[in-house]
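Atoms considered below: every heavy atom in the structure, side chains included; atoms not considered: hydrogens, waters and symmetry mates. As the structure is a computational prediction, the values presented were derived from the model and not from experiment.
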Amino acid sequence: MLFENYYGGSIYFIAEGWIKVCAIDESSKNNIYTLYGPDEMVGAIAAVEEDWNPKEAVTLSPAKIWSIPTQDFLNLLKEDPQASIQVAIFASKRLRKLNQYFRLREADSMTKVAHILLELVQQRENRINTKNIGY
């Protein structure tokens, strides 16, 4: 989807599918930094900083992705406080996941598997609830 060192001129919103953000190190090992799924955005940091992104984003499944040029996105945030709040909520959720990752990094395998299973159940429940209220 996006190649290593792409310029952050757009922000990408995932409607369907899964994306991994990764980088290949000097020993040809594929280091995965994060996974993004439906209702998440990719490339926001590089776009807002108007800089090159050192990682690449790769689709893991068929995906529907929308993009918005950085300046249009920033204008939207300036004009619509609710959009800014939603971006802040998204960023907060990503930071919480990152904190969980750091806590789980040293955990035993059983704890890691249990955490992943609970997260999958929660994602499924969120999708079911969203469908029931007509989104």
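Counting all heavy atoms, side chain and backbone alike, Ile68 lies closest to Phe13 at CG2-CE1, 3.4 Å. Between Ser10 and Ser67 the shortest heavy-atom distance is CB-CB, 4.4 Å. The nearest pair of heavy atoms linking Ser61 to Gly17 is OG-CA, 3.4 Å.
With Met41 as the fixed residue, the side chain to side chain contact (heavy atoms under 4.5 Å, CB included) test singles out one of Phe73, Tyr12, Tyr36: Phe73.
How far CD1 of Ile11 is from CG of Leu76: 9.5 Å, rounded to the nearest 0.5 Å.
Listed by first and then second residue, the side-chain hydrogen bond (donor to acceptor under 3.5 Å, both in side chains) pairs that reach into residues 75-90 are Gln71-Asn75, sequence neighbours excluded.
Taking the side chain as every heavy atom from C-beta outward, Ile14 and Ile19 approach each other to under 4.5 Å. Looking at heavy atoms from C-beta onward, Thr59 lies out of side-chain contact with Trp18 at the 4.5 angstrom threshold. Between Ile65 and Glu16, the closest side-chain pair of non-hydrogen atoms is not below 4.5 Å.
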Got a list of side-chain donor-acceptor pairs under 3.5 Å for residues 89-97, not counting sequence neighbours?
from  : atom 1 : to    : atom 2 : distance (Å)
Ser92 : OG     : Ala88 : O      : 2.9
Arg94 : NH1    : Glu40 : OE2    : 2.7
Arg94 : NH2    : Thr34 : OG1    : 2.2
Arg94 : NH2    : Leu35 : O      : 3.3

*Going through the checks in order, is the side-chain contact (heavy atoms from CB on, under 4.5 Å) test met by Cys22 and Val58?*
CA-CA 8 Å; Cys22 59; Val58 178; 4.2 Å; yes
Practice item. List the steps, then state whether side-chain contact (heavy atoms from CB on, under 4.5 Å) holds for Leu104 with Thr111. Key: CA-CA 8 Å; Leu104 286 170; Thr111 302; 3.9 Å; yes
